Amino acid sequence: MTEVTVVQNTVLRKLVLATRNNDKIVEIGKLLQGLDVQLLSLDAFPEAPDVLEDGDTLEANAIKKAREIAEYTGLAAVADDTGLEVDCLHGAPGVYSGRYAGENVSYSDNVNKLLDELHGVPWEERKARFRCVVALHDNGMSKTVEGGCEGIICEKPQGSKGFGYDPVFFVQEYGKTFAEMELADKNTVSHRGIAFKRFRQLVEEQWFK
Ligand code: IMP
């Protein structure tokens, strides 16, 4: 069984957020606000292993991250894996979005590589989408939910909020890149926002009914 704790007379289940990416932690923290769980970050488990993201799909990586951290901590764990799929690049960088420009590169290295690949490609052919798979591993079982968001890769970075490819991901509905949007707006339409809304429903059905 998932471990439970009592906080101010309320029994809360513990859920470990299986990521050390602070940008994701900020977004996911907001997206899970008000859910009746005690959310723990990996700061509570400094010796937890760094999970190698070597799966061929976002789903495989999300499940692997959640499962390994759940097995290490003995608690339920949640992880997301996200990819940017650009149509004219046949879905690249996709599952390799984090290391598009190579191993141990910065966000801007990846953005610059993407802009180089798309140099000269007209606006109407720059369609892309973020896909985010969220996995919950609990009691030896994994379940996943998914969210997506359509956009266009702009020709140069715009905006200073967000992270990763946000400065070049233009959302037509808002007329802005993710990096020009407030986090609350990004969370309303983003791949991660949609996936974690579904995740909340999953947890509420699985744990609280
Ligand atoms: P991960 O494998 O889920 O950690 O994501 C791979 C890469 O996708 C990250 O290193 C970021 O560059 C990018 N990424 C993930 N989520 C977002 C997002 O919400 N906005 C922009 N880029 C993102």
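Reckoned from all heavy atoms, side chains included, excluding hydrogens, waters and symmetry mates. Note that ligands are numbered from 1 as they come in the structure, with each ligand's atoms numbered from 1 the same way. Computed from a prediction, not measured in an experiment: that's the story for all the values here.
- Residue contact check for ligand 1: Phe178 places no non-hydrogen atom closer than 4.0 Å to it.
- Summary of contacts: the protein heavy atom closest to atom 5 (O) of ligand 1 is Thr82 O, 3.4 Å.
- In terms of protein heavy atoms, atom 9 (C) of ligand 1 is closest to Gly98 CA, 4.2 Å.
- At least one donor-acceptor pair under 3.5 Å links the side chain of Ser97 to the backbone N or O of Leu84.
- For Glu117, the CD atom is densely surrounded, since the number of other residues' heavy atoms within 6.0 Å is greater than 12.
- Scanning both residues, Val189 and Ile194, for their nearest heavy atoms gives O-CD1, 3.6 Å.
- Taking a 4.0 Å cut-off on heavy atoms, Phe169 fails to register as neighbouring ligand 1.
- With Phe196 as reference, Leu32 is the one residue of Asn187, Leu32, Val203 to meet the side-chain contact (heavy atoms from CB on, under 4.5 Å) rule.
- Not a single heavy atom of Arg99 sits under 4.0 Å from any atom of ligand 1.
- Counting atoms of ligand 1 from 1 in the listed order, those under 4.0 Å from a heavy atom of Asp166 are 18 (C), 20 (N), 21 (C).
- Closest to atom 3 (O) of ligand 1, if we only count protein heavy atoms, is Lys24 NZ, 2.6 Å.
- Taking atom 22 (N) of ligand 1 as the reference point, the nearest protein heavy-atom neighbour is Tyr165 N, 3.0 Å.
- Heavy atoms of Asp81 come nearer than 4.0 angstrom to ligand 1 in at least one pair.
- By the 4.5 Å heavy-atom criterion applied to side chains, Pro167 and Tyr107 are not counted as neighbours.
- Atoms of ligand 1 found under 4.0 Å from any heavy atom of Lys186, numbered from 1 in the order shown, are 18 (C), 19 (O), 20 (N).
- Summarising the geometry of Cys154 relative to Leu115, their closest heavy-atom pair is O-CD2, 3.3 Å, with the distance given to 0.1 Å.
- Looking only at heavy atoms of the protein, atom 14 (N) of ligand 1 is closest to Phe163 CE1, 4.0 Å.
- Counting the atoms of ligand 1 from 1 in the order shown, those under 4.0 Å from a heavy atom of Arg192 are 15 (C), 16 (N), 17 (C), 18 (C), 19 (O).
- Interface atoms of ligand 1 facing Ser97, defined by a heavy-atom separation under 4.0 Å, are 7 (C), 8 (O).
- Ala77 and Ile69 get closest at one heavy-atom pair: CB-CG2, 4.1 Å.
- Neither side chain, Gln158 nor Lys176, offers a donor N or O lying under 3.5 Å from an acceptor on the other.
- Each of Val145, Asp81, Leu58, Thr82 was checked for a side-chain contact (heavy atoms from CB on, under 4.5 Å) with Cys132, and the lone residue meeting it is Thr82.
- For the pair Val37 and Leu12, the minimum side-chain heavy-atom distance is 4.5 Å or more.
- Of all atoms in ligand 1, numbered sequentially from 1 with element shown, those under 4.0 Å from a heavy atom of Phe130 are 20 (N), 21 (C), 22 (N), 23 (C).
- Taking a cut-off of under 4.0 Å to the non-hydrogen atoms of Glu53, the atoms of ligand 1 that pass are 2 (O).
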